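Below, chain A is the first sequence line, B the second, and so on; all start at residue 1. These numbers come from a predicted model, not from an experiment.
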2 protein chains.
Amino acid sequence: MATIADVAAHAGVSKSTASRALRGAGTVSAATRRRVQHAADQLAFVATPSAARLATGRTHTVAVVTPFVCRWFFATAVAGIQHELARSGFDLLLYDLHQPAARERFFTQMPVRGRADGAVLLTLPVSEAEETALAGLRVPMAFVGDIVPGSSSVRIDDRGAARLATRHLLNLGHQRLALIGGDPSEPMGFAAPAQRRAGFDDAIREAGVVVPEAHVAAGDFTAAGGAVAMSQILAAERIPTAVFVASDEMAFGAVHTIRQLGLRVPQDISVIGFDDHELAEPFGLTTVRQDVYRQAHAAARSVLDTIAAGESASPRHRVVSTELVVRDTTARAGEPPSAHRTIPPHERNTA
Amino acid sequence: MATIADVAAHAGVSKSTASRALRGAGTVSAATRRRVQHAADQLAFVATPSAARLATGRTHTVAVVTPFVCRWFFATAVAGIQHELARSGFDLLLYDLHQPAARERFFTQMPVRGRADGAVLLTLPVSEAEETALAGLRVPMAFVGDIVPGSSSVRIDDRGAARLATRHLLNLGHQRLALIGGDPSEPMGFAAPAQRRAGFDDAIREAGVVVPEAHVAAGDFTAAGGAVAMSQILAAERIPTAVFVASDEMAFGAVHTIRQLGLRVPQDISVIGFDDHELAEPFGLTTVRQDVYRQAHAAARSVLDTIAAGESASPRHRVVSTELVVRDTTARAGEPPSAHRTIPPHERNTA
DNA sequence: CTGAAAGCGCTTACAG
DNA sequence: CTGAAAGCGCTTACAG
């Protein structure tokens, strides 16, 4: 591995000018710049990151901290951030706080310290202690889905979007609604579930509709959890005709449960999800779309901009719009089966 | 930020012994060790990573390079690696090669150099040039899904698993099979699609069954791609009674297309996927399971072990088993609807 | 067991 | 425009 001393020697200059020439910093004559560059190419020189970092204090790295990398929302967000970072030549350090223990270890040990110039936190409401720990990092941060004073944020209007989803059900004439939301005692303490519940409540209150407790169930934002929650609701004496599910992944499970019990979607029960998961379209799930990739992208951009601008930049708070996407899992209350759900005059197997 | 000189001063020792005491290296008397530790705690000392790296040459970081973080397989693998790394106090640097341009940039610039002590590469068949570029890193590597001489690998028997899936269809009495596989001209050049195709071919050859070209279509391993591929197959003069789809995500799309056209799964067409995606269970998709989390975990472990052992450790090649998981999307050829698919005597809506 | 010194490989005022 | 020197903050032989 060639060092900068090697390229300096090859080019017949000092380390100082070699360094300056390579980084385009300071003033270097065009001729020497060329000589140095040539020497560097010859030797396939590339600066040792740790040495450059120690000297400059900059890491050209951004940390991403997330619960559950493996879930759609977070994986999509990580992709969005990675792509934006790559465009600026920044590396991405990933921290997954999948368990309370991992979360605690992260906030007490602060492995990010000295390893990143900025951080983006995904959907992670932080306690006061955690907030001060993060502040101790003294690097720009952006939050996706939460607002923390002093840091930038990008999010959607969860409450408004949930209200929109619920109104869609109401507008279709449904009176017996159900909700599959989040578990308030969930250890990560996510903010979105409560917001979505509030939006649901807004809508039913406005419509003067009452939802019995038996029609409210909590899932863990997985399909399996949604399936279980749905079966709890369907065990009620009187079952709903429509259900708002606070995530598409749970909605997939809910739809499956309904069908397993021999009921039809949407003829017997309408289902609307939340997210516009990549499988929502192929599955015909009605939902409200949020653009996760774009939110993540914007958060990364904002961190990058703040890094470039130095401490000066003031935090930006952005709200990304959502959109109702009507597909095949919602229908008017009491509607007969739609035409394309019946057996069509298509070629059939005879094997 | 306190430096090691600060804690040395506080403890009344030299930097050398302070360093030794903190890292448990060399020999330090119990008493001084305690004094130093106390001083470090007081000052909330934590070694500056770049300085430690420059001095030792170790980064305590592993790089993960993947196409598409946002797809289930890769996101799950990243989670598996992250969790194993965290247990050993290693950081994870993530590189997403989602586009040919990003891939080329990665292999020419080699951003991993000097930033990681090891790497795990996900499902990425490398060219010779790329292989030598990686070798230049001089760090232990493990591949998930591919074999590269000199590096460890963890994978499944794609060909055998595909054969298994196809035999399941054959065993159910199906004679008119179809295949939704990968596109051989896909730029990433993944190895699995060809292997799965080969396994399919093995099975039909053994069974003496012939599959017309019209019953073979390529998808891009997304649900949308699977849906399109399925509709191409269903445009054939004579449609199949069963289809092997090389990934669950494509299978989801395929099932959707079949149902959209008014045909039933599995009564009219049986569908088997590949992966055991987390949504396969809630959706009742028959498939062959591969444990991605475990493969990733093992790959990370193997890199970590090699790092710990130094150059001495010789590469390990592991093949993780797969398993047929029969659910609701496959049935005997010509089978009538199964009981639980018919309308059951359950409470119905009357709204 | 402990300390002084050199070194890891860069960068950056400061002179010239 | 260029060079000598100091410094970034650790670690590690080498003496003692």
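Judged by distance alone, the side chain of B/Arg318 and the main-chain N or O of B/Val154 form no donor-acceptor pair under 3.5 Å. A distance-only check finds no donor-acceptor pair linking the side chain of A/Asp96 to the backbone of A/Pro67 [under 3.5 Å].
Note on B/Thr27: a base of the nucleic acid sits closer than 4.0 angstrom, heavy atoms only.
Distance check: A/Ile156 CD1 to A/Arg294 CZ gives 12.0 Å after rounding to the nearest 0.5 Å. Taking CG from A/Leu92 and CG from B/Leu93, the interatomic distance works out to 8.0 Å, rounded to the nearest 0.5 Å. In this structure, B/Met188 CE and B/Thr123 OG1 are separated by 11.0 Å, a value rounded to the nearest 0.5 Å. Taking CG of B/Asp117 as the reference point, atom OG1 of B/Thr306 lies at 12.0 Å (rounded to 0.5 Å).
Scanning for ring-ring contact (aromatic ring centres under 6.0 Å, His included) contacts around A/Phe45 gives an empty result, with sequence neighbours left out. Remark: A/Arg115 pairs with B/Asp91 by the salt bridge (charged side-chain N to carboxylate O under 4.0 Å, His left out) rule, at least two apart or across chains. The salt bridge (charged side-chain N to carboxylate O under 4.0 Å, His left out) test applied to A/Arg33 returns no partner, not counting sequence neighbours. For the salt bridge (charged side-chain N to carboxylate O under 4.0 Å, His left out) test, residues two or more places apart in sequence or in another chain that qualify with B/Arg87 are B/Glu84. Take B/Asp220 and apply the salt bridge (charged side-chain N to carboxylate O under 4.0 Å, His left out) test, not counting sequence neighbours, and it matches no residue.
Residues in residues 40-67 of chain B take part in no salt bridge (charged side-chain N to carboxylate O under 4.0 Å, His left out) pair, two or more places apart or across chains. Within the structure, side chain to side chain donor-acceptor pair (under 3.5 Å) pairs that include any residue of residues 144-156 of chain A comprise A/Ser152-A/Ser302, A/Ser153-A/His317 (at least two apart or interchain).
Contacts between residues 5-23 of chain A and DNA chain D, defined by a heavy-atom separation below 4.0 Å, involve A/Val13, A/Ser14, A/Ser16, A/Thr17, A/Arg20, listed by number. Contacts between residues 48-55 of chain B and DNA chain C, defined by a heavy-atom separation below 4.0 Å, involve B/Leu54, B/Ala55, listed by number. Near DNA chain C, meaning a heavy atom under 4.0 Å away, there are no residues from residues 30-42 of chain A.
Chain A approaches DNA chain D within less than 4.0 angstrom (heavy atoms of the protein), and the contacting nucleotides run 5' to 3' from D/dC1 to D/dG9.
Ring orientation note: the planes of B/Phe90 and B/His60 are tilted relative to one another, at an angle of 30° to 60°. The aromatic rings of B/Tyr95 and B/Phe106 are tilted relative to each other, their planes meeting at an angle between 30° and 60°.
Consecutive Watson-Crick or G-U pairing (both distances under 3.5 Å) extending over three or more pairs maps onto DNA chain D as C:1-3 with D:14-16, C:5-12 with D:5-12, C:14-16 with D:1-3.
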